[in-house]
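Right, one structure below, let's go through it.
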Amino acid sequence: MLPFTVYFSPDVFFPQNYPLYIRSVPSQNELKFHYTVHTSLDVVEEKVSAVGKSLADQRELYLGLLYPTEDYKVYGYVTNSKVKFVIVVDSSNTSLRDNEIRSMFRKLHNSFTDVMCNPFYNPGDPILSKAFNGIVSGMMVQTS
Amino acid sequence: MSVPDYMQCAEDHQTVLVVVQPVGIVPEDQFFKIYKRIASVSQVSIRDSQRLLYIRYRHHYLPENNEWGDFQTHRKVVGLVCITTCGAAKDWPQTAERFHGQKEVYSSTLYDSRLLVFGLQGEIAEQQRTDVAFYPSFEECADVERRVEDFVESIFIVLESKRLDRATDKSGDKIQLLCVPFEKKDFVGLDTDSRHYKKRCQGRMRKHVGDLCLQAGMLQDALVHYHMAVELLRAVNDFLWLGAALEGLCSASVIFHYPGGTAGKTAARKPSISQPADASKRHRPGAQEVLIDPGALTANGISADTSTEIGRAKNCLSPEDIIDKYKEAISYYGKYKNAGVIELEACVKAVRVLAIQKRAREASEFLQNAVYINLGQLSEEEKIQRYSILSELYELIGFHRKSAFFKRVAAMQCVAPTIPEPGWRACYKLLLETLPGYSLSLDPKDFSKGSHRGWAAVQMRLLHELVYASRRMGNPGLSVRHLSFLLQTMLDFLSDQEKKEVTQSLENYTSKCPGGMEVITLSDGLKLPPVPFTKLPIVRSVKLLNLPASLRPHKVKCLLEQNVSTASPFIYSPIIMHNRGEERCKKIDFQWVQGDVCEVQLMVYNPMPYELRVENMGLLTSGVEFESLPAALSLPAESGLYPVTLVGVPRTAGNITVNGYHTSVFGVSSDCLLEGLPSVKTSGCLVEVIPSLPRLQLSTSLPRSAHTPQPMSKEQLSSSVSVQLFNGEEQQLTITLENIGSEDIESLELTSKTVNTKDKVFGRFLSWDLEEALRHLPLKPGQTVTLSISIKVKLDFSGQENLLPDLNDDGISVTGLPISSPLRQLLKPRAENKAVSSESGKAEYSHIKTLEAVLNFKYTGGAGKVEGYYRELSLGVHVDVEPSVFFTRVSTLPATSTRQCHLLLDIFNPTEHELTVSAKNSKDLVLHPSECQRLAIQVDKFDFESLPQLYQEPASFSSPKQLEEERQHAQGCQINSKLDICWSIISLQSDYRDCMVA
């Protein structure tokens, strides 16, 4: 099984980071991933602020590998409105290379945009969209 | 070497290490007092040269670490200062012996040593010795600092000589191979003549000289030596020492680039003032700017072999290079298992440099590496220290979350199951420090702004741990506070099961230690603000209720005007408008009365999945003395909005503000202030309490009714009575008034108002005589007074033209009589036989009219009267009026006398009872139900013109119509008095005067 966590943190509207959506497989040790993703935000923030300083042009949304731990690899992605996506995968999973992760993020971003387009969705609320959930589940099945 | 010094930083490479230790029995506080004074001499400017010597003091240093002194000279203990007490001369030899024993420990590296003896006086103390200083007591030792400076200078002399010694003996003689402790056995039997070996010796020596130069304050020379050492060592693949040379290079460059220091605690840079508190903490050399003085560098002691033309810029590493070189050095150290401590310390130093450079991400990589350095078996204490340091370093580079993570790990380490005596206190303290990293504060106010948006899963875990740690610390008060906080702020994130668990354990704790509203202050000064349960239950709105209508105070008009006069004379002014607006939105426009029960309605609901018991719920007020009467309530699970009325009695007069409410839930009492609850809807909380007023209770002789006069709401009317009367009938209503309050009733007024009637009422509907009642005033509490009111109905039942369709005036054959004018109206109804013939007609005749009126009792007394307030008690009177007799036709016949005539009246009885009609000068006439008969009355003729003008001023009537009405009324009275027609219903034993002919 592949541990896989998705996390969003709206930054533009709400300065405090908090998860909009978090999902992991297997779900039994979820708290551990909470910690992993939470600490990875330090790196995300650092990367985002570093980029902001250097160039004002088109920023690469994909942040790449945030940091490797013994068992997991943590990847990050930040939208232009500073919504953060984090994916944690098992280190032993070699089938996932940078390109795959990148496309996963892009898919997530698209789906997230759809969620935001829903007029009944209140920005900042936890995401409960079935369609979004389906996309995430699909990716998790695919990669496991 | 197994114990890393996590506090190390790059500048430490330029310091010389001096150990200060107590010998024999020295009181700890005295030792640290002296230690601080010694440690204040952290940098010494050397005479005759502009160089500075930096000293690092330790009161504890492992000899094991000292063995690495050749590897990096700043690890070498070069000075020893012993502090001892000696009471008598005979103890002196023993003391001296101890001092020598202590010297032995570091003998291999020591340059010089000093002994400070306290308490010894006399012969021995007289002698002048350079290595021993005698002081009579710990108080009388003014020249300690000067002594230490002398001592440091003597160290410098040795250092300088060693440097020059080592720096010059480059050729010819065999250079000694410097090595680290674990290498020694590796070199046994090695060919000492090989070029490789010689180069290695040279390289290591070069590096060593670099270290000495750095310590001696010759930065440029040090750089040159390090560069040469790097070249030499790289050629022979002596990785450990290559790493050391690179690190030396880095250190020198850091010292050059960042004269402010990298330890981050530069705030403590006070050159000669003793540093605060923790004596074990390192002391940063101050004012390092002095060091970078090119003039000093070129003018002084540059040894022959260093080429002065090598520019500083070339030798010194750029900030980027420093990091690269650190990386390289660390990778070399990493090749040696036994150099773990060196590697770890290098990582720490590099992180500090990166923190200064604000390159957090690279720093985190170094730290990440440091996490994985294996130092062999660490004791639990060392683990805790290591995690704490990691946390501090992460904090330094701005990774607050990571910092919090490691701090939490350190906290957990304090109470690891392997530790026989878990340090719950330390654990708790560390956990508290992690709070900011998880964006948690222990003040519930921070969470009241909008919905909680945090990393709930992680925060909840931390709070649970805090609860547990505080419980194990044996402080249930803290547990209760933290648990309350958890429940209050994380309620939305707790599952039903968790809610149950949390509340159960909360109840367990509160059974031992009830939670309150006091601020808990921890031993380190941290304050835990109280946690009011504003969500248990959730209050949606707070509404102050007016008193019931009968108890509402009213202001006497003239006094009100007085109030107005104090207001602004301007109709509009923007400034005052602002103030007024504020006041208005706060102050409610009704009053409460002192001593009377006042009510506040709260809409609450229970968010819990089970029944919530709220005890001792009451109001929090300010302004006047208020006796709150607490209520207990039990809210069903997930209840909807539920109204709760909290009551209380104001005991004094003035302005009262309802600030909030207090509850007691799960054994935790909370004061919930409304200002902290933006979600609560309130329509103002400030109410004026006026002085006490009496209370009046009213009872009547007539049955109560549910009718309320239309324009008044039921609330406004304290009670109402209803009665059914025939037209023209009169009835007495007896009202008993009782003073049920605590004040005397001093004045009473009664007014009446007829409401909702389109019909013209003739005569007085309600009449009374108040004089009798007023004679009883003042009415003491508990006393009663009775008042009788007569109800009389005189209504015009004519004009119902639908009932009497065939209408003509032919019956009025009277001519020459102006009487026709007032009577015309009355005479219109001429039912003749028609009414009798049909049932429906009869039903229509008994058409009921209603008459309603309100009796208002205004009364006042006591202190409220002085303030100009009164109360009103109103009684609604509802009368259903049934028609009694109808005059269907009026005509006159000449009588026998010319002065008289016969008045013929056709009388119709619309009631269901037998009716007797009598008139002056005539017989009684008995009328059966729905019967019409003619009554003849002989009357004197009279002329309306002869009537006295009752109303002398026609001008006072606004219209001719009104004038006409008045005249008719007067004429009607006249006729009435002449005729005096009465009717009575025998079966009802009622006898009433007919007043129809108004």
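Counting only N and O atoms by type, the side chains of A:Y35 and B:R408 include a donor and acceptor under 3.5 Å apart.
A distance below 6.0 Å separates the ring centres of B:Y438 and A:H38.
No part of B:Y394 comes within reach of chain A, as not one of its non-hydrogen atoms sits under 4.5 angstrom from that chain.
The existence of a salt bridge linking B:K402 and A:D42 is excluded, since no basic side-chain nitrogen approaches an acidic carboxylate oxygen closer than 4.0 Å.
Rounded to the nearest 0.5 Å, atoms CZ (B:F399) and OG (A:S40) are 10.5 Å apart. Put simply, CD on A:E46 and CD on B:E362 are 10.0 Å apart, with the number rounded to the nearest 0.5 Å. Atom-to-atom distance recorded for A:L66:CG and B:R361:CZ is 9.5 Å, nearest 0.5 angstrom. Here the CD atom belonging to B:Q459 is positioned 11.5 Å from the NE2 atom belonging to A:H34, to the nearest 0.5 angstrom.
The number of heavy atoms from other shown groups lying within 6.0 Å of NZ (B:K383) is above 12.
Using a 4.5 Å heavy-atom cutoff, the side chains of B:R401 and A:E45 are in contact.
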